[in-house]
Amino acid sequence: MNSVTIFWFQLVSSVFVVSLVTTWYVWPALTKLSRNSALIALLFVHVFRYVGMTELVTGMIDPKLPGEFVSSAAYGDLLEAALALVSIFALRSNWRFAIPLVWVANTWGFVDLLNGVRGVFQLNVPSFNLSTLWYIYTFYAPLVLVSHLMIFWVLIKSKSWKS
């Protein structure tokens, strides 16, 4: 198997495994929490997206990767990390604008993720040397994807979710 095939195999496998764990364990546990507590737990997955800034560290990844892709991924993730953290504080403090802020954070983060996936396909990113960022793409990104979808589901069910 070549590295590109291995990359996609690992990424799809991670989405599958994270989805199983979510369905069997995470979701049933979240439904026992208040809406705000469930959202906080899911948002913490995104707080660590600042790790994407590693792409900007000289020598960490293939210098042939286009700078526009690298900068967009790094700064998009950093903004999502900040929005997720502010959303957590807003939810914990029961601020009136907490839920709209979660919508903004999750929508931004999801669009940023989709933009990154588009770039991965367009540039065939797995064919470049990703060094340790390989794990971000093949393990953490699937976790982020599933978390985004769960946050959207909680927000959509917000009116009927227990307080």
Side-chain angles (χ1 to χ4, degrees), residues 1-30 38-89 91 101-157:
M1 249 192 262
N2 66 30
S3 61
V4 173
T5 304
I6 292 169
F7 176 92
W8 289 110
F9 174 78
Q10 289 179 327
L11 192 141
V12 170
S13 295
S14 289
V15 169
F16 177 73
V17 171
V18 169
S19 296
L20 277 181
V21 171
T22 297
T23 302
W24 292 347
Y25 300 102
V26 176
W27 188 255
L30 287 177
L39 288 170
I40 288 167
L42 293 168
L43 283 163
F44 264 112
V45 170
H46 303 274
V47 171
F48 299 100
R49 284 178 71 171
Y50 62 81
V51 172
M53 296 296 288
T54 306
E55 292 185 276
L56 299 176
V57 176
T58 304
M60 282 300 291
I61 58 170
D62 198 326
K64 291 178 255 165
L65 257 170
E68 184 179 306
F69 170 78
V70 171
S71 293
S72 175
Y75 290 113
D77 279 352
L78 181 62
L79 180 55
E80 172 58 9
L83 287 169
L85 190 58
V86 171
S87 294
I88 289 168
F89 280 105
L91 288 165
L101 182 58
V102 174
W103 272 104
V104 168
N106 202 53
T107 302
W108 166 263
F110 190 65
V111 168
D112 178 61
L113 181 66
L114 292 178
N115 185 48
V117 169
R118 179 192 55 77
V120 166
F121 276 112
Q122 273 184 337
L123 300 170
N124 194 19
V125 168
S127 67
F128 290 88
N129 178 13
L130 298 175
S131 188
T132 56
L133 284 173
W134 183 279
Y135 300 108
I136 291 174
Y137 284 108
T138 61
F139 177 75
Y140 185 52
L143 183 62
V144 165
L145 170 66
V146 171
S147 176
H148 274 306
L149 296 174
M150 291 172 66
I151 291 169
F152 280 131
W153 188 250
V154 172
L155 289 169
I156 290 166
K157 295 287 190 183

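Just so it is clear, the values below take in all heavy atoms, side chains as well, and ignore hydrogens, waters and symmetry mates.
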**Request:** To the nearest 0.5 angstrom, please state how far the CG atom of Asp112 sits from the OG atom of Ser72.
**Result:** 6.0 Å
**Message:** To the nearest 0.5 Å, what is the distance between CG on Leu123 and CZ on Arg118?
**Reply:** 8.0 Å
**For the student: nearest non-hydrogen atoms of Leu30 and Met150, plus distance** = CD1-CE, 3.4 Å
**Message:** Counting neighbours of CZ on Phe139 that are heavy atoms of other residues, nucleotides or ligands and sit closer than 6.0 Å, is the number greater than 12?
**Reply:** no
**Request:** State, with a plain yes or no, whether a side-chain heavy atom of Leu149 is found less than 4.5 Å away from one of Trp153.
**Result:** no
**Asked** Within a strict 4.5 Å, meaning less than it, do heavy atoms of the Val4 and Asn124 side chains meet?
**Response** yes
**Prompt:** CG of Leu133 to CD of Glu55: how many Å apart, nearest 0.5 Å?
**Reply:** 5.0 Å
**Asked** If you take all heavy atoms of Asn129 and Ser131, which pair is closest and at what distance?
**Response** OD1-N, 3.1 Å
**Asked** Near Gln122 CD, under 6.0 Å, is it more than 12 heavy atoms from other residues, nucleotides or ligands?
**Response** yes
**Prompt:** Does the side-chain contact (heavy atoms from CB on, under 4.5 Å) test come out yes or no for Thr107 and Phe152, once each step is laid out?
**Reply:** CA-CA 9 Å; Thr107 302; Phe152 280 131; 3.8 Å; yes
**Complete:** The reported gap from CG in Leu130 to OG1 in Thr54 (rounded to nearest 0.5 angstrom) is 12.5 Å
**Test item: Trp108 side-chain N/O and Gly76 main-chain N/O as donor-acceptor pair under 3.5 Å** = yes
**Item:** Any donor-acceptor pair under 3.5 Å from Thr138 side chain to Gln10 backbone
**Value:** no
**Complete:** Value for CD1 (Ile88) from CG (Leu43), rounded to nearest 0.5 Å, stands at 5.0 Å
**Request:** Go through the steps for Val86 and Leu101 under the test side-chain contact (heavy atoms from CB on, under 4.5 Å), then give the verdict.
**Result:** CA-CA 8 Å; Val86 171; Leu101 182 58; 3.5 Å; yes
**Prompt:** Within the distance-only criterion (no hydrogens, no angle test), does the side chain of Ser71 pair as donor or acceptor with the backbone N or O of Gly67 below 3.5 angstrom?
**Reply:** yes
**Request:** Using the six-membered ring wherever Trp is involved, compare the ring planes of Phe121 and Trp8 and label them parallel, tilted or perpendicular (cut-offs 30° and 60°).
**Result:** parallel
**Asked** If you look at every heavy atom in Ala84 and Ala105, which pair is closest and at what distance?
**Response** N-CB, 4.3 Å
**Item:** Arg49 versus Val144, closest heavy-atom pair with distance
**Value:** NH1-CG1, 3.6 Å
**Message:** Please check this pair: side chain of Ser147 against backbone of Leu143, looking for a donor-acceptor N/O pair closer than 3.5 Å.
**Reply:** no
**Prompt:** Are side-chain heavy atoms of Ser3 and Trp134 found at a separation under 4.5 Å?
**Reply:** yes
**Message:** Test: ring-ring contact (aromatic ring centres under 6.0 Å, His included). Region: residues 43-85. Which pairs qualify, not counting sequence neighbours?
**Reply:** His46-His148
**Request:** Please assess Thr132 against Ile61 for the test side-chain contact (heavy atoms from CB on, under 4.5 Å), listing each intermediate value before the final yes or no.
**Result:** CA-CA 8 Å; Thr132 56; Ile61 58 170; over 6 Å; no
**Prompt:** For the atom pair CG (Leu145) and CG (Leu11), what is the distance rounded to the nearest 0.5 Å?
**Reply:** 8.5 Å
**Request:** List in chain and number order the residues that pass side-chain hydrogen bond (donor to acceptor under 3.5 Å, both in side chains) with Tyr140, two or more places apart in sequence or in another chain; answer none if no residue qualifies.
**Result:** none
**Request:** List the steps, then state whether side-chain contact (heavy atoms from CB on, under 4.5 Å) holds for Val26 with Val21.
**Result:** CA-CA 6 Å; Val26 176; Val21 171; 4.2 Å; yes
**Asked** Below 4.5 Å, heavy atoms only, C-beta onward: do Phe7 and Val120 meet side chain to side chain?
**Response** yes
**Request:** Looking only at non-hydrogen atoms, find the nearest pair between Val15 and Pro142 and report the distance.
**Result:** CG2-CB, 3.5 Å
**Complete:** Nearest heavy-atom approach of Val125 to Gly119 is CG2-O, 3.9 Å
